[in-house]
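Please read all numbers here as calculations on a predicted model, not as lab measurements. Nothing fancy with the numbering, it's 1 onward along the sequence.
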Amino acid sequence: YCAAWDDGDGTRHSLGTNTQCHTLWPDLAVGDWCCQAWCYVDASCPDALPAWANDENDVPLYYSYSAACDAEAGPGLNVETEYSDATCPWGDCECVGDGNAYPPTVTAEIGFAANYGTYCAAWEDGNCGARNDETGMHECGAERKECDEMWWKNNNTAKLASGDWCCQAWCFVSPACPLPDITNSSFNDNSTKLVYSYSACERADTPVKFDDECPYTPDHDDRPGGYQCACLDQTFRAADLTSIGFPTTYGRSCEAWEDGICNTTRIDGHQCGTYTDCNSMWPAEPKGDWCCQPWCYVSDECELSDVTPSLLNDQFGGADFSLSYAACDFGVPEAETAYDDDTCPFEVDLTANPCACLHVTYSDEILESYGMPRDYGHYCAAWDDGDGTRHSLGTNTQCHTLWPDLAVGDWCCQAWCYVDASCPDALPAWANDENDVPLYYSYSAACDAEAGPGLNVETEYSDATCPWGDCECVGDGNAYPPTVTAEIGFAANYGTYCAAWEDGNCGARNDETGMHECGAERKECDEMWWKNNNTAKLASGDWCCQAWCFVSPACPLPDITNSSFNDNSTKLVYSYSACERADTPVKFDDECPYTPDHDDRPGGYQCACLDQTFRAADLTSIGFPTTYGRSCEAWEDGICNTTRIDGHQCGTYTDCNSMWPAEPKGDWCCQPWCYVSDECELSDVTPSLLNDQFGGADFSLSYAACDFGVPEAETAYDDDTCPFEVDLTANPCACLHVTYSDEILESYGMPRDYGHYCAAWDD
């Protein structure tokens, strides 16, 4: 049908994998035609033209622009296009014409033809005379007619070593031209912004004088290092440079590529990528004046003393580029820079502030292996607080996952950066054994607001609001009321600091030996939890010997659990990992003596809840809570995030309908259960439906194991009130809240609850 099929616009017609006019038609001169509507027509159409692939097709095709797609040609034709001739970007790839060339004063000063670059010609090949588009002849300057005279022996131009480019046709085009090779001219100033393109003229089959071998070979020796040290005008593959956020012209010419002065003129700036300056392009490298100095890639024949292999060679295997700063130290206009050594903003002045941020970090490989962002520690920020608005984030975003072996706290929300070792409060950084150069970090000295102007010290959290501060033990004032601890026979300050409260290591608190207070009669695990009618019937095990304490419900650690004794006035949660991270000493560090020998639980101790479940990442991926099945809970009843007695942790999916859309519903949705050992012989032990989903897992569950009056097995519903039971007696056409398996639904592109409840599912 009628559409501008070559304009790259996917809103008015479909697109293939090749979307742009210049890539669809690599051998054609692009122009306004790229944005004009056309379609295939019969050969009898007055302006029909043979189509492009007729030699590959059994039946020849013909196409037409105006006769087929003119608005008056017929009703209902789709002739609306994204671009007009005036706005078509490929129209901007035509030579811009005399009115858009350099002012006469510029061309006179440099000795070039007045209309230099205004039409397609090999302007440096010496083929001088009146313009002739058949022979490639073009106007020249009065004295400077060929490549060496124009660019090497001319004090008013850049010192460019001659080569094949001298014999290639080019012209000035609009900066809006989408061709990938457009380049800023060396002579742009604040009033003139010209770009040029070789491919625009190559596509137009522009004739040139030297079509085979270009006679302009470099023989210059007045450049530093001679012609062997001329810029190569080559660089790494564009796709490779783009993949790391670098400009595709990086290193091809003399530019201060790391100075952050982007997208202006070639004298005042240069092309930039996603990363624009020294800090973002080279986060792991020590900063200095080099960030503001021009350089380019040079031949391996260049013998200047500073020639150095590119740091990107190892990253892009097989590449072998070398660079030189000295090669650009000879006054060419494109080597002019925005900064000198005294004003370069990337130089760190440790004399004025020995704790200044160095804007360095570890290598990309090290940081990536820990899930940290590539500029981690580069400037003052609370890098571990999980806040992505004030600093970048890696794949590992939270303090407790970034630092799995450390006790989390307020420090997670405090600003810091890497500093010099001479900073008074500098501390050795975390991965120095993996890095060639040791790094040091500082909080207050580096990031205090008075330490220096312009530092980024604004943080998302204060000490009072930092969520990881909520992972510290909550203290005596937040323990159970004395009436509760007296009733259950526990120590009055039970759980208020890190200790293995069930291990029987009783006495005055001693944080070096792990000793802690105990109740008068109930001192160890069995007495406290199995033989105590006032507590839940918990079978003893390794947990009896592990340290824990009560923490704030706001603590982000994934193992926080509601206490069994919460009521309407007391809402306490506890955590083992909070104390494990703090290296809390315990009495039984190796083998815990509390082995279960109870037989008054359904099925005996073999049927105690395992306190284990599937991997947290797997459960999260399907919208289930990370504690699913670890203890006796009615996990599918939809009563979430309250106390352990009245509810339980939930995931994205919260109840029987959303968690198990394909399963028939019933009273089981409201009954407590947990995962049990494969040694449990209760008759209802059943393999978990998730085993097949997470290959290699082998969990079994039991409802009967929870049928013995433990507080956490109390439920919000009984069999008569369970809302997931479908009463077909009252309504034989009631929705069953079932559907097909996830696999079947996914294969048809349907949602996982398709048909679950009354809805126009196909609208």
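Within a 6.0 Å radius of OH in Y740, no more than 12 heavy atoms belonging to other residues, nucleotides or ligands are found. Counting heavy atoms of neighbouring residues, nucleotides and ligands inside a 6.0 Å radius, atom CD of E524 exceeds 12 of them.
Residues V573 and F550 form no side-chain contact, since every pair of their non-hydrogen atoms from C-beta on lies 4.5 Å or further apart. Taking the side chain as every heavy atom from C-beta outward, V408 and W403 never approach each other to under 4.5 Å. Contact check for S442 versus V419: side-chain heavy atoms found under the 4.5 Å cut-off. Put simply, the side chain of H400 reaches to within 4.5 Å of the side chain of R581, judged on heavy atoms.
The salt bridge (Lys or Arg N to Asp or Glu O under 4.0 Å) analysis of residues 489-500, with sequence neighbours excluded, yields no pairs. Judged as a salt bridge (Lys or Arg N to Asp or Glu O under 4.0 Å), the pairs with a partner in residues 500-514 (not counting sequence neighbours) are, in order, R509-D511.
Side-chain rings of W635 and Y703 stay apart, their centers remaining 6.0 Å or farther from each other. A centroid separation of less than 6.0 Å is found between the aromatic rings of W529 and F490. Taking the centre of each ring, W430 and Y370 come in below the 6.0 Å mark. Outside the 6.0 Å centre-distance limit, the rings of Y418 and Y441 are not counted as a close aromatic pair. Checked against the 6.0 Å centroid criterion, the rings of F624 and W660 qualify as a close aromatic pair.
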Given the rule in the disulfide bond (SG atoms under 2.5 Å apart) test, do C447 and C417 qualify, once you have shown the distances and angles that lead to the verdict? CA-CA 7 Å; C447 295; C417 69; 4.3 Å; no
Given side-chain hydrogen bond (donor to acceptor under 3.5 Å, both in side chains), test D618 with S621 step by step and report yes or no. CA-CA 5 Å; D618 289 336; S621 73; 4.9 Å; no
List the steps and the verdict of side chain to side chain contact (heavy atoms under 4.5 Å, CB included) for V685 and L701. CA-CA 6 Å; V685 174; L701 61 92; over 6 Å; no
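In plain terms, the two heavy atoms of T397 and T401 that are nearest each other are N-OG1, 4.3 Å. The minimum heavy-atom distance between Y443 and D425, with the atom names listed, is N-OD2, 4.2 Å. Heavy-atom minimum distance, Y717 versus C670: CD1-SG, 3.8 Å. Contact detail for S702 and D684: the closest heavy-atom pair is OG-OD1, 2.8 Å. Between L619 and P625 the shortest heavy-atom distance is CD1-O, 3.4 Å. When all heavy atoms of V738 and P664 are compared, the pair lying nearest together is CG1-CA, 3.5 Å.
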For residues 756-763, tabulate all N or O donor-acceptor pairs below 3.5 Å that involve a side-chain atom, not counting sequence neighbours.
residue: H756; atom: NE2; partner: P661; partner atom: O; Å: 2.7
residue: H756; atom: NE2; partner: H737; partner atom: O; Å: 2.8
residue: W761; atom: NE1; partner: Y757; partner atom: O; Å: 2.8
residue: D762; atom: OD1; partner: Y754; partner atom: OH; Å: 2.5

For residues 672-681, dump all side-chain donor-acceptor pairs below 3.5 Å to protein atoms at least two apart in sequence or in another chain.
residue: W673; atom: NE1; partner: E636; partner atom: OE1; Å: 3.1
residue: Y675; atom: OH; partner: S688; partner atom: OG; Å: 3.4
residue: S677; atom: OG; partner: E679; partner atom: N; Å: 3.0

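Residues satisfying the salt bridge (Lys or Arg N to Asp or Glu O under 4.0 Å) test with D463, not counting sequence neighbours, are none. Applying the disulfide bond (SG atoms under 2.5 Å apart) test to C506 and every residue at least two apart in sequence or in another chain returns C518. In terms of the salt bridge (Lys or Arg N to Asp or Glu O under 4.0 Å) criterion, residue partners of E460 (sequence neighbours excluded) are, by chain and number, R390. Partners of A582 according to the side chain to side chain contact (heavy atoms under 4.5 Å, CB included) rule, which considers only residues two or more places apart in sequence or in another chain, are A407, T584. By the salt bridge (Lys or Arg N to Asp or Glu O under 4.0 Å) test, D667 pairs with no residue at all, sequence neighbours left out. Looking at residues two or more places apart in sequence or on another chain, you find no side chain to side chain donor-acceptor pair (under 3.5 Å) involving Y576. Take Y653 and apply the ring pair (Phe, Tyr, Trp, His ring centres under 6.0 Å) test, not counting sequence neighbours, and it matches no residue. For D375, the side chain to side chain donor-acceptor pair (under 3.5 Å) test picks out S392, with sequence neighbours left out.
No donor-acceptor pair closer than 3.5 Å links the side chain of S631 to the backbone N or O of G629. Judged purely by atom type and a 3.5 angstrom limit, R752 has no side-chain atom pairing as donor or acceptor with the backbone of S741. Distance alone, capped at 3.5 Å, places no donor-acceptor pair between the R522 side chain and the M528 backbone. Looking only at distances, a side-chain donor or acceptor of T613 sits under 3.5 Å from a matching main-chain atom of Y628. With S658 contributing its side chain and T654 its backbone, the two residues share a donor-acceptor pair below 3.5 Å. Not a single donor-acceptor pair under 3.5 Å links the side chain of D470 to the backbone N or O of S552. A donor-acceptor contact shorter than 3.5 Å is absent between the side chain of H516 and the backbone of G507. When atom types are taken as modelled, the side chain of N510 and the backbone of T513 share a donor-acceptor pair closer than 3.5 angstrom.
Residue C471 is tested with C466, S575, P556 for a side-chain contact (heavy atoms from CB on, under 4.5 Å); the sole match is P556. Exactly one of C656, C735, C722 qualifies for a side-chain contact (heavy atoms from CB on, under 4.5 Å) with K665. That residue is C656.
Here D526 contributes atom CG and C544 contributes atom SG; the two are 7.0 Å apart, rounded to the nearest 0.5 Å. Taking CG from L406 and CG from D384, the interatomic distance works out to 9.5 Å, rounded to the nearest 0.5 Å. Here CD of E472 is found 11.5 Å from SG of C579. Values are rounded to the nearest 0.5 Å. Within the model, atoms SG of C669 and CG of N657 stand 7.0 Å from one another, a figure rounded to the nearest 0.5 Å.
Remark: SG of C706 is found under 2.5 Å from SG of C632. The SG atoms of C498 and C549 do not sit under 2.5 Å apart.
The aromatic rings of W501 and Y497 sit tilted relative to each other, their planes meeting at an angle between 30° and 60°.
For the 3.5 Å distance criterion, the side chains of W468 and D385 fail to qualify, holding no donor opposite an acceptor. With 3.5 Å as the limit, one finds a donor-acceptor pair spanning the side chains of T626 and Q649.
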